[in-house]
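The model shown is predicted, which means the values in this text are computed figures rather than measured ones.
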Amino acid sequence: MSTDGKTGFDKVLSVFMDYFGIGRTASIVAMILVAAVILFAGFWFFHSAPPKTIVMTSGEKGSAYYSVAEKYAKILARDGVKLVILSSAGSVENLRRLTDPSVRVDIGFVQAGLAKGQNIEHLVSLGSVSYQPLLVFHRLPHPVEILSELAGARIAVGREGSGTRKLALALLSVNGIEPGGPTTFLDDEGEKAAADLLGGKADAIFLAADSASSQTMRSLLRTPGIGLVNFTQADAYVRRIGYLNKLTMPKGAMEFGKNIPARDVTLVSPTVELIARDNLHPALSDLLLEAAVEIHGRAALFQNRGDFPVSLENEYKISADAKRFYKSGKGFFYRYLPFWLASLVNRILVVFVPLIIILIPGMKSIPAILRWRMQLRINRWYRLLLIVEQASMKSGKSGNVNALVGRINEIEADVNRMKVPASYGDQFYGLRMHIHFVRSKIQESAQN
């Protein structure tokens with residue numbers, strides 16, 4: 001409490017009332033609205049900050065998916081973002097997690113061709129990040145080029161939840177090999193499937209990156225007596241199954257000295273997409289895509305440098321942030337500033353600059369609006385004064401002076417009841433002076 005008896009709030013309120021020319025109640029309401037806008041802006045400033053932790057659903061531990069996820073984690077850690085990696089059975093389980101709002105997950109690897117029948121309305125793609133070649137190994141005594149040759153064999157197609165199993169069953173189905181027939185389907189995958197093949201428990205196995213490591217595949221390619229199916233019908237598969245691509249493993253690609261493989265091998269492959277929920281923060285989208293360029297952009301056995309990541313819109317719509325990244329790269333501030341500082345500057349520009357642009361002109365317009373409103377009220381009384389004065393001039397001495405003076409007194413009484421801010425005191429006192437002037441003039445003309 002200050003020495004003049006006014007609190008700090010009262011002083012601020014008085015300044016507000018005097019500056020804007022409005023009453024106490026209106027000033028309190030205006031101050032509350034301004035405070036609410038500022039508080040909301042502050043809340044939004046902190047709420048819009050990119051999270052420090054995101055969750056990725058990958059693949060079985062030891063699989064290529066999981067290994068790639070670990071690379072993402074290392075790159076994101078440079079900018080202070082922690083990537084939590086969830087192991088999974090593969091692409092099918094990854095997609096199930098992403099479509100289930102009750103599961104805490106932000107992004108995941110999903111093999112192309114799995115979205116049919118799924119609710120993917122709230123999912124977006126950050127782009128295709130790699131091919132996922134399907135390698136079908138067998139221990140039959142002769143080369144295999146048509147999958148129908150596997151009929152009646154024991155085939156490991158992968159466990160439930162893996163994209164490998166989904167694709168394997170689809171390919172076997174178009175070759176007339178279905179569950180329940182003479183062919184035995186095994187649920188083993190990865191190293192277990194490889195062990196079954198080497199141990200004679202399986203005649204053929206399907207391996208892909210979501211359930212097997214690249215080391216397992218390379219080891220099988222070098223093992224005598226183990227063959228790799230050469231998809232001579234790859235062109236037909238690609239035309240019939242739209243999400244497949246035709247790839248070639250060149251002769252000697254695995255080992256030049258031993259010439260492994262001994263001939264070019266044709267494979268079929270879906271792509272792997274980096275799928276996110278549509279509420280992924282734009283800054284994290286940029287970080288993830290930057291990591292994808294570093295991880296997947298280099299040349300490899302089945303791709304040239306720069307082939308991936310790429311914004312191919314297949315089953316999922318490409319996110320707006322990803323489209324912007326592929327077109328022009330990272331945002332301006334994220335390109336030149338550390339991640340935390342770029343995030344801070346970007347949020348200041350997004351939240352507070354529009355607030356200042358809107359709020360300050362809006363606040364400045366209040367006095368003009370109130371001045372116009374007050375001027376209308378004062379002009380109303382001046383208009384009534386003119387009517388009374390003109391009536392006295394027309395009536396002359398015979399006019400009812402007492403009635404006119406009485407009307408003037410009523411106007412004066414109404415004016416005195418007006419609540420006028422101090423900033424309009426000059427106009428208020430000027431009006432009262434003019435009321436007195438008109439009354440004196442009417443009284444003098446009656447006496448003369």
(message) Around atom CZ of R298, are there more than 12 heavy atoms from other residues, nucleotides or ligands closer than 6.0 Å?
(response) no
(message) Check whether Q303 reaches the backbone of A299 with its side chain - one donor and one acceptor, N or O, closer than 3.5 Å.
(response) no
(request) Examine distances only and state if a side-chain atom of E315 and a backbone atom of A115 form a donor-acceptor pair shorter than 3.5 Å. (result) yes
(message) Please check: side-chain N/O of N230 versus main-chain N/O of T266, any donor-acceptor pairing under 3.5 Å?
(response) yes
(message) Counting only heavy atoms from other residues, nucleotides and ligands, does the tally under 6.0 Å from CZ of R239 exceed 12?
(response) no
(message) Quick check against the 3.5 Å criterion: does S269 have a side-chain atom that pairs as donor or acceptor with the backbone of Q132?
(response) yes
(message) Under a 3.5 Å threshold, yes or no: a donor from one side chain and an acceptor from the other, between E178 and S173?
(response) yes
(message) F109 and side chain to side chain contact (heavy atoms under 4.5 Å, CB included): which single residue from T57, L274, I275 fits?
(response) L274
(request) Count the heavy atoms belonging to other residues, nucleotides or ligands that lie under 6.0 Å from CD of Q118, then report whether that count exceeds 12. (result) yes
(message) Just to verify, which of F308, Y131, Y72, F302 counts as forming a ring-ring contact (aromatic ring centres under 6.0 Å, His included) with H296?
(response) Y72
(request) Could you check S88 against Y66 for side-chain hydrogen bond (donor to acceptor under 3.5 Å, both in side chains), going step by step and ending with a plain yes or no? (result) CA-CA 9 Å; S88 76; Y66 198 92; over 6 Å; no
(request) Kindly indicate whether the side chain of L83, heavy atoms from C-beta on, has any atom under 4.5 Å from the side chain of E70. (result) no
(message) For K317, I'd like to know if atom NZ has over 12 heavy atoms of other residues, nucleotides or ligands within 6.0 Å.
(response) yes
(request) Taking only Lys NZ, Arg NE, NH1 and NH2, and the carboxylate oxygens of Asp or Glu, determine whether E290 and R78 approach each other closer than 4.0 Å. (result) no
(message) Taking the side chain as everything from C-beta on, heavy atoms only, tell me whether N245 gets closer than 4.5 Å to Y237.
(response) no
(request) Identify the two heavy atoms, one from F206 and one from T164, that lie closest to each other, and give their separation to 0.1 Å. (result) O-CG2, 3.6 Å
(request) May I ask you to decide if I226's main-chain N or O and T223's side chain share a donor-acceptor pair within less than 3.5 Å? (result) no
(message) Closer than 4.0 angstrom, basic N to acidic O: yes or no for D187 and R165?
(response) yes
(message) Can you tell whether the side chains of D100 and R97 come within less than 4.0 Å, N to carboxylate O?
(response) no
(request) Give a yes or no answer on whether the side chain of D264 reaches the backbone of K251 with a donor-acceptor pair at less than 3.5 Å. (result) yes
(request) Indicate the atoms forming the closest heavy-atom contact of G200 with R154, along with that distance. (result) O-NH2, 2.9 Å
(message) One thing to verify: whether E160 and R96 come together as a salt bridge, which I'm taking to mean a side-chain N less than 4.0 angstrom from a carboxylate O.
(response) no
(request) Look only at the side chain of N259 and the backbone of F256, and say whether a donor-acceptor pair between them is shorter than 3.5 Å. (result) no
(request) State plainly whether the residues R104 and D106 are in salt-bridge range, i.e. N to O under 4.0 Å. (result) yes
(message) What verdict does the salt bridge (charged side-chain N to carboxylate O under 4.0 Å, His left out) test give for E93 and R159, after you've listed the backbone C-alpha separation in whole Å, the side-chain angles of each residue and the deciding distance to 0.1 Å?
(response) CA-CA 11 Å; E93 186 174 6; R159 67 171 175 166; 5.3 Å; no
(request) Could you tell me whether a side-chain N or O of S125 sits under 3.5 Å from a main-chain N or O of G127, the two making a donor and an acceptor? (result) yes
(message) Quick one: does any side-chain atom of S219 pair with a main-chain N or O of Q215 as donor and acceptor, under 3.5 Å?
(response) no
(request) Using atom types as modelled and distance alone, determine if a side-chain donor or acceptor of N94 lies under 3.5 Å from a backbone N or O of S58. (result) yes
(request) Would you indicate whether the side-chain heavy atoms of I295 and I75 approach each other to under 4.5 Å? (result) yes
(request) Please test L267 against L135 for side-chain contact (heavy atoms from CB on, under 4.5 Å), starting from the C-alpha separation and ending with a verdict. (result) CA-CA 7 Å; L267 304 173; L135 278 69; 4.1 Å; yes
(message) Strictly below 4.0 Å, N to O, side chains only: are D188 and K201 in salt-bridge contact?
(response) no
